[in-house]
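Here's the structure, in structure tokens; my notes come after.
Computed from heavy atoms alone, side chains included, the values below leave out hydrogens, waters and symmetry copies. Keep in mind that this is a model prediction, so the values were computed, not measured.
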Amino acid sequence: MTESEPAFAAGTGAITHRRVLAIALPIVLSNATVPILGIVDTAVVGQIGQAAPIGAVGIGAIILTAFYWVFGFLRMGTTGMVGQARGAGNTAEVSALLVRALMVAGAVGATAIMLQGPLFAGAFRLSPASPEVETLARQYLSIRIWSAPAAVALYGLTGWLIALERTRAVLVLQVVMNLANIGLDFAFVLGMGWGVQGVAAATFIAEWSGVALGLWLCRNAFRGAHWRDRQRIFDRERLLHMATVNGDIFIRSLLLQGIFVTFLFLAADLGDVALAANQVLLQFLQVTAYALDGFAFSAEALVAQAIGQGSRTALRRSALVTSLWGAVCVVMLALGFALLGNSVIELMTTAPDVRDEARRYLPWMTLLPIIGVLPWMLDGIFIGATRTRDMRNMMILSALVYALALAILFPIFGNHGLWASLALSFVARGTTLGFRYPALEAAVRPRPASAGPT
């Protein structure tokens with residue numbers, strides 16, 4: 001499919017390596033731009049020459065990122081449901097799903113704006129800061145919170161575009177937003193002297209501009225009358241299905257986040273050096289996640305369309321080809337980490353004790369990507385199939401395995417036990433989802449030959 005084709009055209013092409021890469025590579029490039037914005041935000045406000053503004057931007061961004069992350073299910077759920085509707089040729093539902101996602105974003109954003117007082121108060125109770133930093137962070141948050149509807153809407157718009165294999169549009173959206181944000185950072189902070197408020201205003205404008213661009217990129221959804229079909233949009237059964245899918249993903253993601261938060265908390269118990277070393281090494285996993293996202297998103301889109309078409313053959317081919325490229329990716333990453341890991345550690349920290357500690361646990365960075373490819377790719381497959389109850393239940397089991405492993409291994413082996421427990425949680429998630437895959441295939445029902453678009 002090309003970007004010029006109708007956005008809701010049914011995806012019936014062959015599942016080729018070229019098609020998978022066409023979906024995956026723009027996502028990988030898009031993800032590569034994400035850290036750049038944080039670096040620029042910090043660097044620009046750092047020119048003020050004071051520590052408090054840097055801390056204020058950092059803590060303010062973390063608070064909002066954590067809040068918005070909760071609603072990341074909107075991206076995943078939208079991709080799965082839109083992809084299935086596209087595969088079934090249901091153009092009306094493709095449009096309606098975008099409208100529903102935007103409605104959810106509007107409701108969430110409006111609620112965040114109304115509840116900003118208790119939301120920020122609770123955040124600062126959990127993460128206290130000096131009076132000066134808190135004052136500046138509140139100024140930052142009081143501006144950025146007004147783009148909450150836009151920030152959440154971007155999840156829905158991105159999920160919709162991915163489902164239609166329009167990942168080049170996702171790349172354009174990300175790049176344009178980041179360039180606008182960076183340009184406004186320089187203008188507002190260095191040019192006009194607005195300080196922390198200038199950084200917040202730059203992000204506010206960039207996020208709303210991103211929504212405007214996203215809506216334009218999704219304009220095909222609004223060309224017919226389907227997006228105004230109130231009876232379809234507010235259909236009780238479809239709304240309930242959307243709520244169930246998103247609710248399951250939310251629980252799964254919350255448990256996954258809990259594993260990583262627990263990992264960092266326990267690392268802190270081992271001392272500042274171990275905590276710092278683990279934080280450095282977690283960046284290797286972050287790179288792995290960013291790279292694998294492209295192939296997992298490919299699986300989401302292609303598996304969803306296969307489910308919509310009622311084709312087990314297309315489903316299996318989608319799962320195999322995307323997973324093959326995911327495996328190639330992690331092998332390359334593991335080799336890169338093994339050969340260049342020491343150099344990367346030296347770039348990331350100048351503290352000799354942190355460097356030495358990180359090197360002790362570097363072998364885990366060559367192992368975890370290999371272990372992690374199965375759960376990462378199966379997540380994409382199950383999201384595309386909207387088998388979210390399986391994802392939720394297998395995540396619960398995996399969290400229990402992680403907790404049991406921690407109870408046994410952490411007291412005995414310390415930080416090695418911590419990394420081993422994390423690895424076992426990956427193994428548990430990949431294994432349990434793998435056991436559920438045959439049921440996923442068995443649930444696919446071929447569409448009747450007479451079935452057409454609805």
Side-chain angles (χ1 to χ4, degrees), residues 3 17-44 57-58 61-62 65 68-69 72 75-76 79 151 154-155 157-159 161-162 165-186 199 202-203 206-207 209-210 213-214 217 260 279-301 322 325-341 343-349 365-366 368-370 372-373 376-377 379-380:
E3 299 287 23
H17 295 285
R18 181 176 181 179
R19 185 176 176 187
V20 168
L21 291 174
I23 301 171
L25 293 182
I27 294 297
V28 175
L29 292 173
S30 175
N31 284 345
T33 70
V34 174
I36 296 173
L37 181 59
I39 292 170
V40 172
D41 278 350
T42 302
V44 168
V57 169
I62 288 172
T65 298
Y68 294 148
W69 173 88
R75 203 283 305 156
M76 291 180 273
T79 298
L154 286 165
Y155 285 128
L157 291 165
T158 300
L161 289 167
I162 291 170
E165 303 180 45
R166 296 186 58 200
T167 52
R168 281 178 290 167
V170 174
L171 174 60
V172 168
L173 179 59
Q174 188 70 52
V175 169
V176 169
M177 281 180 56
N178 286 347
L179 288 176
N181 204 333
I182 290 169
L184 292 170
D185 268 346
F186 283 104
V199 176
T203 305
E207 287 177 333
S209 299
L213 176 59
L217 291 169
F260 281 99
Q279 184 63 30
V280 168
L281 293 174
L282 281 174
Q283 305 315 304
F284 287 78
L285 278 187
Q286 191 83 332
V287 169
T288 303
Y290 281 153
L292 276 180
D293 271 353
F295 303 104
F297 289 5
S298 299
E300 291 177 26
T322 56
W325 279 105
V328 170
C329 177
V330 297
V331 168
M332 293 174 62
L333 286 170
L335 287 173
F337 295 162
L339 296 173
L340 303 174
S343 299
V344 174
I345 290 170
E346 290 178 2
L347 285 173
M348 294 184 69
T349 177
M365 295 307 100
T366 62
L368 284 171
I370 303 297
V373 67
W376 256 302
M377 294 308 303
D379 271 352

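- Here the straight-line distance linking atom CG of L368 with atom CG of L333 works out to 12.5 Å at 0.5 Å rounding.
- Nearest heavy-atom pair, A334 versus I370, reported as atom, atom and distance to 0.1 Å: CB-CD1, 4.0 Å.
- Note: L154 CG to E207 CD = 7.0 Å, rounded to the nearest 0.5 Å.
- With values rounded to the nearest 0.5 angstrom, I345 atom CD1 is found 5.0 Å from F284 atom CZ.
- Listed here is the closest heavy atom pair of F295 and G326: CG-N, 4.1 Å.
- Taking both residues in full, the closest heavy atoms of P26 and L21 are given as CD-O, 4.0 Å, listed atom of the first, atom of the second, then distance.
- Remark: Y155 engages no residue in a ring pair (Phe, Tyr, Trp, His ring centres under 6.0 Å) (not counting sequence neighbours).
- Listed for the Q286 side chain is no donor-acceptor partner under 3.5 Å among the backbone atoms of L282.
- Formation of a donor-acceptor pair under 3.5 Å by the S30 side chain with backbone atoms of L171 is not found in this model.
- Annotation: side chain of L285 is in contact with side chain of F260 (closest heavy-atom distance under 4.5 Å).
- The structure places CZ of R19 at 13.5 Å from NE2 of H17, a figure rounded to the nearest 0.5 Å.
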| message | Go through it in stages, so that I can follow the logic: the residues are V28 and F297, the test is side-chain contact (heavy atoms from CB on, under 4.5 Å), and I'd like the CA-CA distance, side-chain angles, deciding distance and then a yes or no. | response | CA-CA 10 Å; V28 175; F297 289 5; over 6 Å; no
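- T167 contributes no side-chain N or O that, together with a main-chain N or O of A24, makes up a donor-acceptor pair within less than 3.5 Å.
- For the atom pair CD (E165) and CD (E300), the distance works out to 12.5 Å, reported to the nearest 0.5 Å.
- For the atom pair CG (L25) and CG (L29), the distance works out to 6.5 Å, reported to the nearest 0.5 Å.
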| task | Quick one: do I162 and I27 satisfy side-chain contact (heavy atoms from CB on, under 4.5 Å)? Show the steps, please. | result | CA-CA 9 Å; I162 291 170; I27 294 297; 4.2 Å; yes
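- Side-chain contact between W376 and V330 is absent, with no heavy-atom pair separated by less than 4.5 Å.
- Looking at residues two or more places apart in sequence or on another chain, you find no side chain to side chain donor-acceptor pair (under 3.5 Å) involving D185.
- Side-chain contact between L292 and W325: absent, with no pair of heavy atoms (C-beta onward) separated by less than 4.5 Å.
- L281 places none of its side-chain heavy atoms less than 4.5 Å from the side chain of F337.
- Taking both residues in full, the closest heavy atoms of N31 and Y290 are given as ND2-O, 3.0 Å, listed atom of the first, atom of the second, then distance.
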Pair up each side-chain donor or acceptor in residues 172-180 with any protein partner under 3.5 Å, not counting sequence neighbours, and list the distances.
from	atom 1	to	atom 2	distance (Å)
Q174	NE2	N178	OD1	3.4
N178	ND2	T33	O	3.4
N178	ND2	T33	OG1	3.1

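- The shortest non-hydrogen separation linking A301 to T79 is N-CG2, 4.3 Å.
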